[in-house]
Amino acid sequence: MVTATRLPSNGVLADQLDLLADLSELLGDQGFRVTAYRRAATRIRETPGSVAEMALVGTAKELQGIGKTIEDKIVEAVRDGEMSALRKRREQVPEGLVAFLRLPGLGPKTTARIWHELGVTTLEGLREAAEAERLRTLPGLGARSEEKILEALRKGADGGAPRRTPLGVGLPAVLEAVETLRGHPAAIRVSEAGSVRRRRESFRDLDLIATATDPGALTKAFVQLPLVAEVVAHGDSKATAISGNGLRFDLRVVPPESFGNLLQHFTGSKEHNVALREDAVRRGFSVSEYGVTTVDTGEVFTTGDEEEVYAHLGYQFIPPELRENTGELEAARQGKLPSLVELGDLKGDLHAHSTWSSDGKATLEEMALAARARGYRYLAMTDHSHYLRDGRLELQAAAIAELNGRLAPFRVLHGIEANIRADGGLDVSDAALEGLDWVIASVHTSFDKNPTERILEAVENPHVDCIGHLTGRKLSRREGADVDVERVVERCLATRTVLEIDSQPDRLDLRDVHARLAGEAGLPVCIDSDAHSVGALDYVEYGVAVARRAWLTKEQILNTRTWAQIEKMRG
DNA sequence: GCCGTTTTCGGCCCGACTGTTTTCAGTCG
């Protein structure tokens, strides 16, 4: 039996297919085959379980975009480390050429011509050819093209392409901008769009879309927002601005009669829109940002309401969070979309810290009062185990009991966040854990040291109720541990242990695809703030976004229940 | 190379922009 850890990861498989696509394109392969490789790569990246494992048992081809041929290629990659088609094409294409494709404006056609007709195969050679004005000898390339290539080379490959920023950095700013613009007298409708509307965990820029009685007045108000530090472009219907903290905002003002079509288009994702349009073509429609055309009659349907775009095409309304072409179109066609969990469904929070942890900013009482003010019925105080030794755990228990005496019926649960040590053991004794209401076990160190085995050991501990921030990732700072999520979910189900979506903006861990995997397996998930201060209780907004992107309903979220219901579930 | 509420063959999203061109190919999102 081959163990899962030896198989190529989904990322490795996807990278191979993307490279295969690049090389095939440079060799002039048929475009649709190239598209198929890229689609398969995207699909594999977004699949939570091991696609290599699926290919070995012949179920990878059940994934949308993967057929028999690509499944065979994946099996080859498992067996030989690399797909044979990839090896073959590597031999035919000079290694340096793929880097050309990363330069803005240079695509496969132009690159192939530079290669074949000028014999240029490295970035350095490309720079020399541009400086010697040899590129302009090719038909279709001129002086301006040489300039652009030189400029791109100076910036370096991918130069100037903004890096992805975590959702938590941009969402408050974009929502504030939306609110402010909505209050402007010229505004009719204003919405965020793009990946931030889908609540993707990170973004490149922040899109806003609006209708107005006076578009010029609204774009002017936009570039004068207090958060704007630099105006990149400013016209009547479009403006781009950079905020003080470097975020890029794009506003488009569009005609009211097609606001719905445009909002749908600019919300994306690209993959969702492409699939939607392909499906529409099969049904005799042509969809663009300007309207839905019935091909037979030429009749164009435009609408101010996005819901009507979906209705016109025969779909249930698809919440933005689901628009990633991962099954939402089929489900919406059949009217089987899940009713997604909402912020207001949460009845409590099962992961929070107080001043009993040295990094906590608020007292137990301050945290409890803030939770109660949010409308919660309970709050689990789960301070770090490290600070609760030498009798302090008992002292904290007494403090919580006293608090509960005053705050009832609100309930402060006495919990702990125990550390999963490098050897897999917990840093708290079973005896100490036994008296607690809620035990979270989390990995905080040695992320690369057998993370799956250590987590599984914690899962098997009968006192552990929840595994905290499963992979330990920090967005844009640290990759998460390479945890075998399927195995963890399987053992969690068997031991009635739950997984949390840690809502800290730089964690969001479980991430969306992992949370979806858990949900599909039937494992309850909790949405926790992991708050270290009163204000951080609000972070659950991000956790709810992750849960929605994971297709999770209220029923699948543990803390949409009362504490009594949770205790009953745990048996 | 994938896929099917017209199809197992013959299709495969749509439009804007750019640079080079007198009508378009390539690239991008």
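Throughout, a chain's letter reflects where its sequence line sits, starting with A, and its residues are numbered from 1. Just the heavy atoms: all of them, side chains too, but no hydrogens, waters or symmetry mates, feed the values below. Here the structure is a predicted model, which means the values were calculated and not measured.
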For [N] versus [M], give the span between their [atom1] atoms, rounded off to a whole number of Å.
N	M	atom1	answer
dC17(B)	dG10(B)	P	37 Å
dT6(B)	dT21(B)	C1'	41 Å
dG1(B)	dT5(B)	C1'	23 Å
dT22(B)	dC13(B)	C1'	29 Å
dG15(B)	dT20(B)	P	26 Å
dT7(B)	dG11(B)	C1'	9 Å

For [N] and [X] - does any side-chain N or O of the residue sit under 4.0 Å from the phosphate oxygens OP1/OP2?
X	N	answer
S286(A)	dC14(B)	yes
K73(A)	dG1(B)	yes
S145(A)	dT20(B)	yes
R144(A)	dG19(B)	yes
T110(A)	dT27(B)	yes
Y290(A)	dA16(B)	yes

Item to check | Length of the line joining L86(A):CG and dG1(B):C1', which is rounded to integer Å | outcome: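 Distance, rounded to whole Å: 16 Å.
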Here the distance between atom P of dT27(B) and atom CZ of F100(A), to the nearest Å, is 13 Å
Sugar-phosphate, base or nothing in reach of [X], heavy atoms under 4.0 Å:
X	result
P108(A)	sugar-phosphate
V34(A)	nothing
L276(A)	nothing

Worksheet item: Any stacking of F32(A) on dC2(B), going by centres under 5.5 angstrom and planes within less than 30 degrees?
Response: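 One would not call F32(A) stacked on the dC2(B) base.
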Taken in chain and number order and not counting sequence neighbours, the residues that satisfy side-chain hydrogen bond (donor to acceptor under 3.5 Å, both in side chains) with R198(A) are E324(A)
**Prompt:** Taking the six-membered ring for Trp, is the centroid-to-centroid distance between Y290(A) and H265(A) below 6.0 Å?
**Reply:** no
Compare the minimum distances between each of [options] and the side chain of [X], then state the nucleotide with the smallest one.
X	options	value
A36(A)	dC13(B), dC2(B), dT7(B)	dC2(B)
Q30(A)	dG1(B), dA16(B), dG26(B)	dG1(B)
K270(A)	dG29(B), dG15(B), dG1(B)	dG29(B)
K109(A)	dG26(B), dG1(B), dG19(B)	dG26(B)

Looking at F259(A), I'd like to know if the NZ or CZ of R189(A) sits under 6.0 Å from its six-membered ring centre while staying within 45 degrees of the ring's axis. no
First locate atom CZ of R127(A), then atom CG of L135(A), and finally report the distance between them rounded to the nearest 0.5 Å.
->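 Spacing of CZ (R127(A)) from CG (L135(A)) equals 12.0 Å.
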Students often mix this up, so state it plainly: with edges at 30° and 60°, are the rings of F317(A) and Y310(A) parallel, tilted or perpendicular?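 The arrangement is perpendicular - the two ring planes meet at more than 60°.
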Now, which nucleotide makes the Watson-Crick or G-U wobble pair with dT8(B), with each of the two distances under 3.5 Å?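 dT8(B) is paired with nothing.
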